[in-house]
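The structure appears right after this line, and notes come after that.
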Amino acid sequence: MKLDIKGIITNLTPGKAKGEAARHARRAYRQKPFSFSQTVFIAALVFLFLPLLVLIVYSFNESKGMGWTGFSMVWYEQLFLHSRDLWRAFWNSILIAITSAGTATVFGTLGAVGVNWYRFRLRNYVQAISFLPMILPEIIIGVSLSLFFAGIKLKLGLLTIFIAHTTFNLPFVFLMVMARLDEFDFSIIEAAHDLGANEQQTFLKVTVPICMPGIVSGFLTAVTISLEDFVITYFVAGPGSTTLPLYIYSAIRFGVSPVINALSVVMILGTVALTYLLRNFLKYIAAK
């Protein structure tokens, strides 16, 4: 049997093929190398990532100024060996982010399951009120929490930061778990009950694993929001509870230190590595 090479080539050529797919192929084939949308896309990428590239380059600059004077690792040495206060603020941020995100994830998941599955009189009001921290300006939340802590005579510190971060992290976890529950197949719950599982077993062994992508996404979102928050933290922080955003704000009032640039590069590398690992983890969870 002869192989019709000419026929194959003819069918693969956009100008010779037929049908709806062929018309799309011919349109893409005749398209200019750089369309307007592609140009806007590339410009947006340059606008977003060029500042990061400049930051990375100047973290290796020998001098503090913007003029390049030579390659040096002096600011990384300063970061790792002579920046005790900075690392204390960094670990305060990590501690608050993980604990507040974990607490918000637990309560947000339970709240989403309760609101989605059960019908009660104030269900719509609870669902509406839960989104208020996402809508209100951060300065209003910060001032109100500061007045609340002063009213109950709770000393400002890491505990008040934890409470504040848990409060405004809850809606994000709630929303992501609710989105996952909206796609939930309730016949699985009925099957679990038919097989003899009680409410607790069904929740832990069926509901939670199925909702795990939404739960993990909510937790990671809460961690990110907590790490970068400045406005609310500013109103509820006390002596000895400085977080990384507060430390950077107090440092840049006297000029941007290259040590901050070096820390930013370390955090970018850590974020990229963590994102890559968690991306594969989420794919694994979603496939199960």
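The closest donor-acceptor contact from the side chain of Ser146 to the backbone of Gly142 lies at 3.5 Å or more, if one exists at all. With hydrogens and angles ignored, the 3.5 Å screen pairs no side-chain donor or acceptor of Trp75 with any backbone N or O of Asn261. A donor-acceptor pair under 3.5 Å is absent between the side-chain atoms of Ser83 and the main chain of Phe80, judged by distance alone. Distance alone, capped at 3.5 Å, is enough to place a donor-acceptor pair between the Asn169 side chain and the His165 backbone. Proximity of a side-chain donor or acceptor of Trp87 to a complementary backbone N or O of Leu81 within less than 3.5 Å is not detected. Judged by distance alone, with hydrogens and angles left aside, the side-chain atoms of Thr99 form a donor-acceptor pair with the main-chain N or O of Leu95 at under 3.5 Å. Gln201 places a side-chain N or O within 3.5 Å of a backbone atom of Asn198 that can act as its donor or acceptor partner. For Arg180 (side chain) and Pro213 (main-chain N/O), no donor-acceptor pair under 3.5 Å exists by modelled atom type.
At a threshold of 4.5 Å between side-chain heavy atoms, the hydrophobic network of Ile, Leu, Val, Met, Phe, Trp and Tyr places Phe71 and Leu79 in one connected group. Linking ILVMFWY residues whenever their side-chain heavy atoms come closer than 4.5 Å, directly or via other members, leaves Leu159 and Phe107 in distinct clusters. Residues Val113 and Phe219 are members of one and the same hydrophobic cluster, defined by side-chain heavy-atom contacts under 4.5 angstrom among Ile, Leu, Val, Met, Phe, Trp and Tyr. Under the 4.5 Å side-chain heavy-atom criterion for ILVMFWY residues, no single connected hydrophobic cluster contains both Leu170 and Ile225. Hydrophobic clustering keeps Ile188 apart from Leu195 (ILVMFWY residues linked when any side-chain heavy atoms are closer than 4.5 Å, directly or through intermediates).
Results of the side-chain contact (heavy atoms from CB on, under 4.5 Å) test with Met134 over Phe168, Phe174, Phe172 single out Phe172 as the only residue that passes. Put simply, the residue from Leu244, Thr243, Asp85, Leu227 that forms a side-chain contact (heavy atoms from CB on, under 4.5 Å) with Phe90 is Leu244.
Remark: Ser144 OG to Ile140 CD1 distance equals 8.0 Å, nearest 0.5 Å. Note that OG1 of Thr207 is 9.0 Å distant from CD1 of Ile215, once rounded to the nearest 0.5 Å. Rounding to the nearest 0.5 Å places CD1 of Ile163 at 10.0 Å from CD1 of Ile96. From Cys211, atom SG reaches atom CE of Met176 across 14.0 Å, with rounding to the nearest 0.5 Å. In this structure, OG on Ser241 lies 5.5 Å from CG on Leu158, to the nearest 0.5 angstrom. The distance from the CD1 atom of Ile98 to the OG1 atom of Thr103 is 11.5 Å, given to the nearest 0.5 Å.
Between Ile161 and Thr233, the closest heavy-atom pair is CD1-CG2, 4.0 Å. Taking each heavy atom of Ile232 and Ile141 in turn, the nearest pair found is CD1-CG2, 3.9 Å. When all heavy atoms of Tyr247 and Ala89 are compared, the closest pair comes out as CB-CB, 3.8 Å. Taking both residues in full, the closest heavy atoms of Val177 and Ala112 are given as CG1-CB, 3.6 Å, listed atom of the first, atom of the second, then distance. The minimum heavy-atom distance between Thr242 and Asn92, with the atom names listed, is O-ND2, 3.0 Å. The shortest heavy-atom contact between Val236 and Leu145 is CG1-CB, 4.0 Å.
No more than 12 heavy atoms of other residues, nucleotides or ligands lie within 6.0 Å of CD1 in Ile139, so this atom counts as exposed by the packing criterion. Counting heavy atoms of neighbouring residues, nucleotides and ligands inside a 6.0 Å radius, atom CZ of Phe60 exceeds 12 of them.
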Derivation and outcome, side chain to side chain contact (heavy atoms under 4.5 Å, CB included), residues Val266 and Tyr76: CA-CA 9 Å; Val266 173; Tyr76 289 90; 4.3 Å; yes

Under the side chain to side chain contact (heavy atoms under 4.5 Å, CB included) criterion, do Val173 and Thr221 qualify, and how do the steps go? CA-CA 8 Å; Val173 179; Thr221 302; over 6 Å; no

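Tyr249 and Phe230 have tilted rings, their planes meeting at an angle from 30° to 60° on a 0 to 90° scale.
Side-chain contact check for Pro245 versus Ser93: some heavy-atom pair is nearer than 4.5 Å. Contact check for Tyr58 versus Pro258: no side-chain heavy atoms found under the 4.5 Å cut-off. Between Ile260 and Leu86, some side-chain heavy-atom pair lies under the 4.5 Å cut-off.
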